[in-house]
Amino acid sequence: EKKEKGKGGGGDEKKDKPTLVDVMVATLQPVINVVEDNGTIIPGESTELRPEVSGRLTYLNVPEGKSVAQGTILARINSADLEAQIQRTKVQLETATKTEERLKQLLDVNGINQSDYDVALNTVNTLKADLAYTQTLIDKTVVRAPFTGTIGLRQVSPGAYVSPTSILATMQQLGKMKIDFTLPEENSDLIRIGSVVKVKMEGRDTTIRRATVIALEPQANRLTRNLMVRALLDDARVNPGAFAKVIISSGNNKKAIMIPTNAIIPDDRDNQVILVKEGKATFVNV
């Protein structure tokens, strides 16, 4: 502060104090552009356990919340009538086989016509086909685990009458979790099979996880113009159905001059900053 003595009255005159401001040196810095999309966690495999035929449940083994191996029998439907049909066909097949063997011996010595033997042979083949068909029907009365996974909540009780529309339980494979997310068509060049994206879970666990893209929907949605993308999570400790943020890097790292947001002065048309050069401050549009 500088004081000068006036000629007339001898009073002091104060000059205005200069405004104190913060100044930063603006330099080029690397800038990484990213795209954020919403995603949903899905299990590696998921299915609803349903019977193939209608009938009464005679056996039910659905361990809720526990893991079962592929091929484990989870339920059986009453197949007593089919079992009886199997036994009947076996008896008929045994008799038909003996008849065919005797006729074959007679045919070898020209004791019968070829047509008579062909009828006996056709009967044997028909009964074998009936046996295989009935066994297929019996196999349909058994519900097995289609893959190794975790059983959900049981929806039926033993002895209940079920049909192919009945859901016994759900089953999910939790070992390999996936994430489905949508990507705007304009950003489709950022993703390809094998690309690695970052996944951020919502909630308490904000750990950044990695996921590898394994499939892309070849056709964009006609309404949203978005592409569906599926990626395999590296860390499977998440619940299916959870919401997540997918962070995709543009891969085009550029250098730009970065300035604090509060240094920008909004104008009617443009934004301005104060640029200091050689001790002088000027307003510059940015």
Under 3.5 Å, is there a donor-acceptor pair between the Gln85 and Asp81 side chains? no
Going by side-chain hydrogen bond (donor to acceptor under 3.5 Å, both in side chains), name the residues that satisfy it together with [X], two or more places apart in sequence or in a different chain.
{"X": "Asn122", "result": "none"}
{"X": "Arg225", "result": "none"}
{"X": "Glu48", "result": "Arg50"}
{"X": "Gln272", "result": "Asn285"}

Tell me whether Tyr133 at atom OH has more than 12 heavy atoms from other residues, nucleotides or ligands lying less than 6.0 Å away. no
Phe283 atom CZ, over 12 foreign heavy atoms within 6.0 Å: no
Check: [Y] and [X] side chains under 4.5 Å, non-hydrogen atoms:
{"X": "Arg56", "Y": "Val162", "result": "no"}
{"X": "Asn78", "Y": "Thr141", "result": "no"}
{"X": "Thr58", "Y": "Ile77", "result": "no"}
{"X": "Leu107", "Y": "Gln114", "result": "yes"}

Would you confirm whether [X], through its side chain, and [Y], through its main-chain N or O, come within 3.5 Å as a donor-acceptor pair?
{"X": "Glu185", "Y": "Leu183", "value": "no"}
{"X": "Glu64", "Y": "Arg154", "value": "yes"}
{"X": "Ser46", "Y": "Ile42", "value": "no"}
{"X": "Asn221", "Y": "Leu223", "value": "yes"}
{"X": "Asp108", "Y": "Asn110", "value": "no"}

Mind checking the [atom1]-[atom2] spacing from [X] to [Y]? Nearest 0.5 Å is all I need.
{"X": "Leu275", "Y": "Lys277", "atom1": "CG", "atom2": "NZ", "value": "5.5 Å"}
{"X": "Leu121", "Y": "Thr123", "atom1": "CG", "atom2": "OG1", "value": "8.5 Å"}
{"X": "Ser195", "Y": "Leu216", "atom1": "OG", "atom2": "CG", "value": "8.0 Å"}
{"X": "Ile179", "Y": "Phe181", "atom1": "CD1", "atom2": "CZ", "value": "7.0 Å"}

Test side-chain contact (heavy atoms from CB on, under 4.5 Å), reference Val229, set Val213, Thr182, Ile214, output is Val213
If every non-hydrogen atom of Thr89 is compared with every non-hydrogen atom of Leu127, which pair is closest and at what distance? CG2-O, 3.4 Å
Counterpart residues, salt bridge (Lys or Arg N to Asp or Glu O under 4.0 Å), relative to Lys200 (two or more places apart): none
Show which side-chain atoms of residues 143-152 pair as donor or acceptor with protein atoms under 3.5 Å away, not counting sequence neighbours.
| unit_1 | atom_1 | unit_2 | atom_2 | d |
| --- | --- | --- | --- | --- |
| Arg144 | NH1 | Gly71 | O | 3.2 |
| Thr148 | OG1 | Gln70 | N | 3.1 |

